[in-house]
2 protein chains.
Amino acid sequence: MQIETVTEKQRVNAARKLKKMFGGIDYTNMPHCPIRDVMAFVSDKWSTLIILHLGYFPVLRFNELKKKVFGVSNKVLSERLKQLEGDGYVQRTVYPEVPIRVEYNLTDFGHSYLQKLIELTEWAENHKNYVINNRENFKK
Amino acid sequence: MQIETVTEKQRVNAARKLKKMFGGIDYTNMPHCPIRDVMAFVSDKWSTLIILHLGYFPVLRFNELKKKVFGVSNKVLSERLKQLEGDGYVQRTVYPEVPIRVEYNLTDFGHSYLQKLIELTEWAENHKNYVINNRENFKK
DNA sequence: CTGTATCCTCTCAGATACTG
DNA sequence: CAGTATCTGAGAGGATACAG
């Protein structure tokens, strides 16, 4: 697979942004690092899967999500949905019928995040084989 | 904080990409989902921190990394570096001096990934306060 | 200096049963 | 249907000591 070259201009730009990110960090006294908070929140497998699925299926109910997001347990799905709702990514709508019906969909903010997530997923898809290849050769 | 609006065009585009991603998925028989593999590999806290640091400091030795990537243990740092090397993100160079010197730096592929990571981190930085705000209000 | 080996803790998540 | 409650196990990761 061909790896697209990162141009000099891109690298300079990256360096500038990194400097902005790292600039204020004091390694000797760092109760919590902003970058770290941010990465922790991005890096939850189930949350990202939930958001991607709600991107593809605009509205889903609890048990529909449970089927789509294969392998997730009641507990974790419930926890993550509450968290995603609390953070503003997901809207939860209750229809007080019998039996009760609850629908989930992305908010505008959720869609904004979805864009980033798709970009990342695309990148990963495109380079998956390259990584797998490397990994195989490295073992030898 | 102002959330930038996701345009209709962007949403349509996202839907198209999601369709491509989700299109081939059979929920009834899915030993492993490609999206999932991909997300798992993206979503390791220590790996992302290592890559971001190697983006900012072009070359780092083992113990330097250990100081910068605050809180990481020998074991985990060593594991992740081996993995990142094996996958092709990081180059490891040994100088057989006494005492031995080992240097780590990003490969071109690593820089390509770094670009994506920075974009994501920037997004997260920009929306951090919005999320924290939501979270506070949700508790009430 | 750059790791590896070992042990040990402790969280997270899966399974199951149950409730409004 | 949409979750909550409880229990349990696996496994990730921290601390420490040690090796090349």
Side-chain angles (χ1 to χ4, degrees), chain A residues 27 30-33 36-37 39-51 53-54 57 59-86 90-105 138-139, chain B residues 27 30-33 36-37 39-51 53-54 57 59-87 89-105 138-139:
Chain A
Y27 287 100
M30 186 168 49
H32 65 280
C33 161
R36 207 164 286 208
D37 297 345
M39 292 316 298
F41 121 113
V42 160
S43 66
D44 182 75
K45 169 189 163 189
W46 294 122
S47 300
T48 57
L49 285 172
I50 290 169
I51 288 179
H53 278 87
L54 285 178
F57 307 94
V59 175
L60 286 173
R61 301 171 63 172
F62 187 87
N63 278 323
E64 289 174 333
L65 261 171
K66 201 182 158 187
K67 273 186 213 115
K68 309 284 188 196
V69 183
F70 198 80
V72 71
S73 68
N74 277 5
K75 190 187 169 218
V76 170
L77 181 55
S78 167
E79 280 170 2
R80 293 300 188 282
L81 281 172
K82 204 174 291 175
Q83 193 180 321
L84 288 170
E85 186 196 359
V90 165
Q91 183 178 30
R92 178 175 181 272
T93 314
V94 180
Y95 299 89
E97 311 166 347
V98 185
I100 193 174
R101 179 162 56 104
V102 180
E103 294 189 343
Y104 293 92
N105 62 281
F138 191 68
K139 270 191 271 182
Chain B
Y27 287 101
M30 187 168 47
H32 65 281
C33 162
R36 207 164 288 207
D37 297 344
M39 291 317 297
F41 120 115
V42 160
S43 66
D44 181 75
K45 169 188 164 189
W46 294 120
S47 301
T48 56
L49 285 171
I50 291 169
I51 288 179
H53 277 88
L54 285 177
F57 307 94
V59 175
L60 286 173
R61 301 172 61 171
F62 188 87
N63 278 325
E64 289 175 333
L65 262 170
K66 201 182 159 191
K67 274 186 212 112
K68 309 284 188 196
V69 182
F70 197 80
V72 71
S73 67
N74 277 5
K75 189 187 170 215
V76 170
L77 181 56
S78 166
E79 281 169 3
R80 293 300 189 281
L81 282 172
K82 205 174 292 173
Q83 193 181 321
L84 288 170
E85 187 196 357
D87 288 1
Y89 296 97
V90 164
Q91 184 179 30
R92 178 176 181 272
T93 312
V94 181
Y95 299 89
E97 310 166 348
V98 185
I100 193 173
R101 180 163 56 105
V102 180
E103 293 187 345
Y104 293 92
N105 62 280
F138 191 67
K139 269 190 270 182

query: Any side-chain N or O of B/R61 under 4.0 Å from OP1/OP2 of C/dC1?
result: no
- prompt: Going 5' to 3' on DNA chain D, which nucleotide is the first and which the last to come under 4.0 Å of a heavy atom in chain A?
  reply: D/dC1 to D/dT6
message: From CZ of B/R101 over to C1' of C/dG3, roughly how many Å is that when rounded to an integer?
response: 17 Å
query: In B/S/- notation, 5' to 3', how is nucleotides 11-20 of chain C contacted by protein heavy atoms closer than 4.0 Å?
result: --BB--B---
- request: In whole angstrom, give the distance that lies between atom CD1 of B/I50 and atom P of C/dG3.
  value: 12 Å
- request: Please lay out, stage by stage, how A/V90 and A/Y104 fare under the test side-chain contact (heavy atoms from CB on, under 4.5 Å).
  value: CA-CA 7 Å; A/V90 165; A/Y104 293 92; 3.7 Å; yes
- request: Compare every heavy atom of B/I50 with every heavy atom of B/L84, then report the nearest pair and how far apart it is.
  value: CD1-CG2, 3.8 Å
Minimal non-hydrogen separation, B/W46 against B/V76, with atom names: CD1-CG1, 3.4 Å
- line: Separation of C/dG3 atom C1' from B/E103 atom CD, nearest Å, is 16 Å
message: Counting the atoms with a prime plus P, OP1 and OP2 as sugar-phosphate, which does A/Y104 contact under 4.0 Å by heavy atoms, base, sugar-phosphate, or nothing?
response: sugar-phosphate
query: Looking at A/R101 and A/E103, what are the two nearest heavy atoms and their distance?
result: NH1-OE2, 2.9 Å
message: Restricting to non-hydrogen atoms, name the atom on A/E64 and the atom on A/L60 that form the minimum distance, rounded to 0.1 Å.
response: OE1-CA, 3.4 Å
message: Any non-hydrogen side-chain atom of B/F57 less than 4.5 Å from a side-chain atom of B/K68?
response: yes
A/V69 to A/H53 - nearest heavy-atom pair and separation: CG2-ND1, 3.8 Å
field: Any side-chain heavy-atom pair of B/L81 and B/L65 under 4.5 Å
entry: yes
